[in-house]
Amino acid sequence: MHSHSEIIGISNEATIKDFRKAAVNFMKGYFVTDGYMGLVDGVYRLFADESYYYEYMND
């Protein structure tokens with residue numbers, strides 16, 4: 001059986017890159033007294049500041 005990406009002719013590498021780009025577009029968070037609450041997999045996690053959240057999401 002073929003994966004969906006094989007059927008439509010997209011390499012797995014391209015699919016992963018597209019997924020990461022989409023994840024960046026869905027980054028969401030807010031500032032709190034102790035840092036920055038960033039949304040990760042549907043759950044808010046505390047980061048030292050917004051830059052740590054963006055770095056985490058882009059890795």
Side-chain angles (χ1 to χ4, degrees):
M1 179 165 216
H2 296 287
S3 71
H4 180 68
S5 61
E6 290 173 330
I7 293 169
I8 60 174
I10 299 173
S11 73
N12 286 338
E13 184 176 336
T15 305
I16 291 168
K17 287 179 182 177
D18 290 339
F19 178 76
R20 287 184 179 162
K21 287 179 186 176
V24 170
N25 291 331
F26 291 111
M27 293 191 329
K28 182 177 178 182
Y30 56 93
F31 292 97
V32 294
T33 305
D34 294 328
Y36 188 81
M37 295 296 290
L39 187 62
V40 178
D41 296 327
V43 177
Y44 282 96
R45 294 180 49 185
L46 180 62
F47 292 86
D49 62 35
E50 188 177 18
S51 66
Y52 283 94
Y53 172 60
Y54 285 108
E55 182 178 321
Y56 178 85
M57 293 298 287
N58 287 312
D59 282 342

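To the nearest 0.5 Å, the span separating OH on Y53 from CE on M27 amounts to 5.5 Å.
Ring pair F31/Y36 is perpendicular by interplanar angle, where above 60° counts as perpendicular and below 30° as parallel.
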Indicate every side-chain donor-acceptor pair of residues 39-47 with a distance under 3.5 Å to a residue at least two apart or in another chain.
residue	atom	partner	partner atom	Å
R45	NH1	Y56	OH	2.9

